[in-house]
There are 2 protein chains.
Amino acid sequence: MSVQLRPSQALRLWQQVSLAEVRGKAPDLTERQLAVLLTIYLDPPPHTVRGLAEKLDVSKPVITRALDTMGALKLVSRHRDPNDRRNVLIKRTVEGALFVERFGDVVVAKSAELPL
Amino acid sequence: MSVQLRPSQALRLWQQVSLAEVRGKAPDLTERQLAVLLTIYLDPPPHTVRGLAEKLDVSKPVITRALDTMGALKLVSRHRDPNDRRNVLIKRTVEGALFVERFGDVVVAKSAELPL
DNA sequence: CATGAATAAAACGGAGCCGAAACGGTTTCC
DNA sequence: GGAAACCGTTTCGGCTCCGTTTTATTCATG
């Protein structure tokens with residue numbers, strides 16, 4: 001069973017969520033940063049810089065910098081892979097899980113208010 | 001009738017759309033710019049700089065700059081209000097309508113692919 | 001070992017956005 | 001008319017992000 005969503009509802013939903021994000025005081029992430037964060041929290045681990053760069057089709061420095069900023073916000077954490085110490089494994093944090101959860105709640109709340 | 005969307009579906013939807021936007025070649029707009037654009041195309045006119053600034057709870061220069069960049073992309077156009085020449089009325093364009101329409105199609109397509 | 005491959009991070013220069021303040025043009029109200 | 005208020009824009013310094021290139025560390029291979 002798929003989610004039934006008409007174009008006008010989809011656009012209205014995006015507007016409402018965007019408005020909530022712009023107005024809110026949550027740390028505003030770039031579109032790329034959000035994509036990285038959601039991928040880390042939705043796709044199965046392990047996550048590496050290289051893997052994320054390939055999945056998003058961006059360069060590795062983009063991922064490194066995104067992890068820098070989100071790491072400063074404590075939304076993710078980095079650890080060296082003990083098996084292959086060249087790799088860095090990105091792990092989830094409590095704060096990050098809370099952030100993602102809250103974001104999902106906003107989307108759900110706004111979708112419940114859609115007209116028609 | 002409201003749209004039924006569970007948190008995991010909402011997050012997955014946002015991830016898929018974000019990934020599509022990051023990977024895509026469409027001009028990438030800021031979260032604020034997207035909020036401005038959707039408001040212009042979804043809410044009833046007339047739209048003014050001041051009105052948009054109040055609705056998004058941001059300063060007027062933010063709106064002016066967003067209109068600068070989106071105007072350069074021909075997604076919106078500006079015209080002096082003939083009744084009160086202090087005001088600037090923001091109007092829609094064919095390119096902007098097409099951009100919004102395509103974005104809505106992406107959301108609908110991704111929502112149709114959601115699991116569960 | 002020693003050389004080369006692979007990985008993430010750091011360095012560098014360029015571009016865009018931000019907030020705050022100042023600026024011109026327009027209207028309103030005595 | 002003239003002062004004040006309003007509206008959108010511009011300017012300024014600062015910050016962040018981007019893409020590319022360079023560096024440092026670690027692994028694989030002969």
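By convention in this document, chain letters (A, B, ...) are assigned in the order of the sequence lines, proteins followed by strands, and residues within each chain are numbered from 1. Just so we're clear, the structure is a prediction, and the values are computed from it rather than from any experiment.
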Over how many whole Å does the gap from [X] atom [atom1] to [N] atom [atom2] extend?
X      : N       : atom1 : atom2 : value
L67(B) : dT10(D) : CG    : P     : 11 Å
R80(B) : dC7(D)  : CZ    : P     : 12 Å
D81(A) : dA28(D) : CG    : P     : 11 Å
D68(B) : dG8(D)  : CG    : P     : 13 Å
R86(B) : dT26(C) : CZ    : P     : 11 Å
I63(A) : dA10(C) : CD1   : P     : 16 Å
M70(A) : dC17(D) : CE    : C1'   : 14 Å
E31(B) : dC17(D) : CD    : P     : 15 Å

Name the closest nucleotide to the [X] side chain, picking from [options].
X      : options                  : value
T30(A) : dG19(C), dC18(D), dT7(C) : dC18(D)
N87(A) : dT7(C), dA9(C), dT9(D)   : dT7(C)
Q33(A) : dT26(C), dC17(D), dA5(C) : dC17(D)
R85(A) : dT26(D), dC7(D), dT10(D) : dT26(D)
R32(B) : dC18(C), dA5(C), dG8(D)  : dC18(C)
K60(A) : dC17(C), dT21(D), dA8(C) : dA8(C)
R78(A) : dA6(C), dT20(D), dA9(C)  : dA9(C)

Inset, instruction - Find out whether T64(A) and V88(A) are in side-chain contact, i.e. whether some heavy atom of one side chain is under 4.5 Å from a heavy atom of the other. - result: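 Contact flag for T64(A)/V88(A) side chains = no.
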Inset, instruction - Would you check if R92(B) and S77(B) make a side-chain contact, meaning some heavy-atom pair closer than 4.5 Å? - result: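 No - every pair of side-chain heavy atoms lies 4.5 Å or more apart.
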Counting N and O atoms only, with roles assigned by atom type, does the side chain of [X] sit under 3.5 Å from a partner on the main chain of [Y], one being a donor and the other an acceptor?
X      : Y      : value
H47(B) : I90(B) : no
R78(A) : G71(A) : no
R80(A) : R86(A) : yes

Inset, instruction - Starting from the C-alpha separation in whole Å, work towards a yes-or-no answer on side chain to side chain donor-acceptor pair (under 3.5 Å) for R50(A) and T48(A). - result: CA-CA 5 Å; R50(A) 176 166 193 78; T48(A) 65; over 6 Å; no
Inset, instruction - May I ask you to verify if any side-chain N or O of T64(B) is less than 4.0 angstrom from the OP1 or OP2 atom of dT9(D)? - result: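 Indeed, a polar side-chain atom of T64(B) lies that close.
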Legend entry - side chain to side chain donor-acceptor pair (under 3.5 Å) assessment of R6(B) paired with S8(B): CA-CA 6 Å; R6(B) 296 188 297 100; S8(B) 64; 3.3 Å; yes
Legend entry - Which residue lies more 5' along DNA chain D, comparing T69(A) with P61(B) via nearest heavy atoms: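 Checking each residue's closest nucleotide, the 5'-ward one belongs to P61(B).
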Inset, instruction - By nearest nucleotide on DNA chain D, pick out whichever of A66(A) and N83(A) is the more 5' one. - result: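 Counting from the 5' end, the first nearest nucleotide belongs to A66(A).
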Inset, instruction - Residues of residues 41-53 of chain B with any non-hydrogen atom less than 4.0 angstrom from an atom of DNA chain D: list those, numerically ordered, please. - result: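 T48(B), V49(B), R50(B), in order of number.
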Inset, instruction - Please work out which of the three classes, parallel, tilted or perpendicular, describes the rings of F103(B) and W14(A), given edges at 30° and 60°. - result: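 Ring orientation of W14(A) relative to F103(B): perpendicular.
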Legend entry - Donor-acceptor pair under 3.5 Å, R65(A) side chain vs dG19(D) base: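 Donor-acceptor pair under 3.5 Å: yes.
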Inset, instruction - May I ask you to say what D84(B) touches in the nucleic acid, namely base, sugar-phosphate or nothing, with a heavy-atom cut-off under 4.0 Å? - result: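 D84(B): backbone/sugar contact only, no base atoms under 4.0 Å.
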